[in-house]
Amino acid sequence: MALIAIRADFLHCLSDPGIDGSNAAAIEHVRDGMLLIRDGRIERLGPAVTLLPLLGPDVAVHDRRGSLVVPGFVDTHVHFPQVDVIASHGSQLLDWLERFTFPEERRFAETSHAQQTAEFFLDRLLENGTTTASVFCTVHPGSVDAFFCAAEARGLLMVAGKCLMDRHAPEGLCDTADGGIADSRTLIERWHGRARNRYSITVRFAVTSTPEQLALAGQLAADYPTVHLQSHVAENRDEVAWVGRLFPQRRSYLDVYDHYGLLRERAVYAHCIWLDDADRARLSATGTAVSFCPTSNLFIGSGLYDLRQGLAAGNRIGVGTDVGGGTGYSMLRTLGEAYKVQQLLGGSLHPAFSLYLATLGGARSLCLDDRIGNFLPGRDADFAVLDPGATPLLARRTALRDDPLDTFFALTTLADDRVVRETWARGVPVHRRLQTS
Ligand code: GUN
Ligand code: ZN
């Protein structure tokens, strides 16, 4: 396979920089660098002056000087069928699900609607530089087929699954304990490990699954150790109280999932706001990851997730946009909101750790860090080409200080999709921003 080369500035994480950025060796910045890609994988990253003389005349060099290239973002929690739920006014979780979300998800019984929405959703991820996401489909198996077909056609590494929900949802959105698991098994056999697709057993939340369905989901997870899991936990106080009434014998909301064998590596739980120390210790002991969803937590008024508590317990943590509870597909802007939440809690969030959360930290949450998350040799060549001067305000702000992490921080506060010039997956451009001037 032909070698290709990208010339730009590069910024990525070799390991965890710490929430205060104190582990500076975790961050690598290569000014006027060159990324060599062969057969969709990274061969080498180094200074352009060193690598250019080694390249034969046939190597295509993509000159992106002036841009900052970062690993493709990893959104660890998002719902593709909630494209039309975004920006729904005036309610908190349980009411929001009833009024806006469930009615919208019923439309995914229709295959053509699922297919069209999957394409629209992937366009939004790619225009924001996101190359991998952990995605909820609906209860309908056809929504999973539509999603993986669309992702595979674009060469993307996506994690997704069918919602399991056999109670407390309207007609047309409920499966049965047995039927939901049988459908999930069929979908695992069809999609998990095909091309770059990864299946995730998707219990919507403890409210919408009977104990029978949760037990069967735990057995399914045991049958398929390489499959992912995803759900919601401890997002909203009324939700937590309801789970307490539904499962009075369990110590806590998280303990419901623990009891049914649903905590493990490759499992990601969104929100985790109303957990206690014992819960956080269980997350660490089982290798279960947290998806911090700041825009959603603010928008539907759920609460403030304190990164320091999760980190003190040794939890794996990534960031999720959680659209349609969340307010946009931009991981950069989601990091900007994460920063503000930590400010409100009296903590802080260093830009190095923000970069980590959205790239290597997300990849580690999904146990995919041997494939994605940074620019080490052998990793898949998934990356975003960012233009720090994309808007007049950004151009002025980022010209001020010659510091790549300060530039990244400015992007998390000020960026929109104009900043993402290109997004590449497995060494192929999958999004190019149209030039408007
Ligand atoms: N809890 C159960 N379902 C959902 C959902 O669709 N979005 C959010 N934010 N929380 C949930
Ligand atoms: Zn969610």
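Each ligand, and each atom within it, is numbered from 1 in the order the structure gives. Predicted model only: the values in this text are computed from it and were never measured.
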Visitor: Could you tell me the residue and atom name of the protein heavy atom closest to atom 10 (N) of ligand 1, and the distance to it rounded to 0.1 Å?
Guide: E235 OE1, 2.7 Å

Visitor: Ring centres under 6.0 Å, that's the criterion: do Y199 and Y224 meet it?
Guide: no

Visitor: Could you list the residues that satisfy salt bridge (Lys or Arg N to Asp or Glu O under 4.0 Å) with R397, not counting sequence neighbours?
Guide: D406

Visitor: Let's test this: below 2.8 Å, count the protein N/O/S atoms around the Zn ion (ligand 2).
Guide: 4

Visitor: For D322, counting its heavy atoms only, list the atoms of ligand 1 lying under 4.0 Å from any of them.
Guide: 8 (C), 9 (N)

Visitor: With respect to R204, determine whether any N or O atom, backbone or side chain, lies less than 3.5 Å from an N or O atom of ligand 1.
Guide: yes

Visitor: Would R250 pass as a cation-pi partner of Y253, given that its NZ or CZ must be under 6.0 Å from the six-membered ring centre and within 45 degrees of the axis?
Guide: no

Visitor: Kindly state whether the ring of Y329 and the ring of F73 have centres lying under 6.0 angstrom apart.
Guide: no

Visitor: Do any nitrogen or oxygen atoms of W96 come within less than 3.5 Å of a nitrogen or oxygen of ligand 1?
Guide: no

Visitor: Just by distance, no angles: are the side chains of S348 and Q342 close enough, under 3.5 Å, to form a donor-acceptor pair?
Guide: no

Visitor: Heavy-atom distances under 4.0 Å are what count here, so tell me which part of V207 touches ligand 1: side chain, backbone, both or neither.
Guide: neither

Visitor: What residues, two or more places apart in sequence or in another chain, satisfy side-chain hydrogen bond (donor to acceptor under 3.5 Å, both in side chains) together with H79?
Guide: H77, Q82, H232, D322

Visitor: Between D16 and R364, does at least one N-O distance fall below 4.0 Å, as a salt bridge requires?
Guide: no

Visitor: V419 pairs by side-chain contact (heavy atoms from CB on, under 4.5 Å) with which of D387, L68, L332?
Guide: L332

Visitor: Under 4.0 Å from a heavy atom of H271: which atoms of ligand 1 are those, numbered in the order shown and with their elements?
Guide: 9 (N)

Visitor: With ring-ring contact (aromatic ring centres under 6.0 Å, His included) as the rule and sequence neighbours excluded, what pairs involving residues 351-378 come up?
Guide: F10-F375, H12-F375, F353-Y356

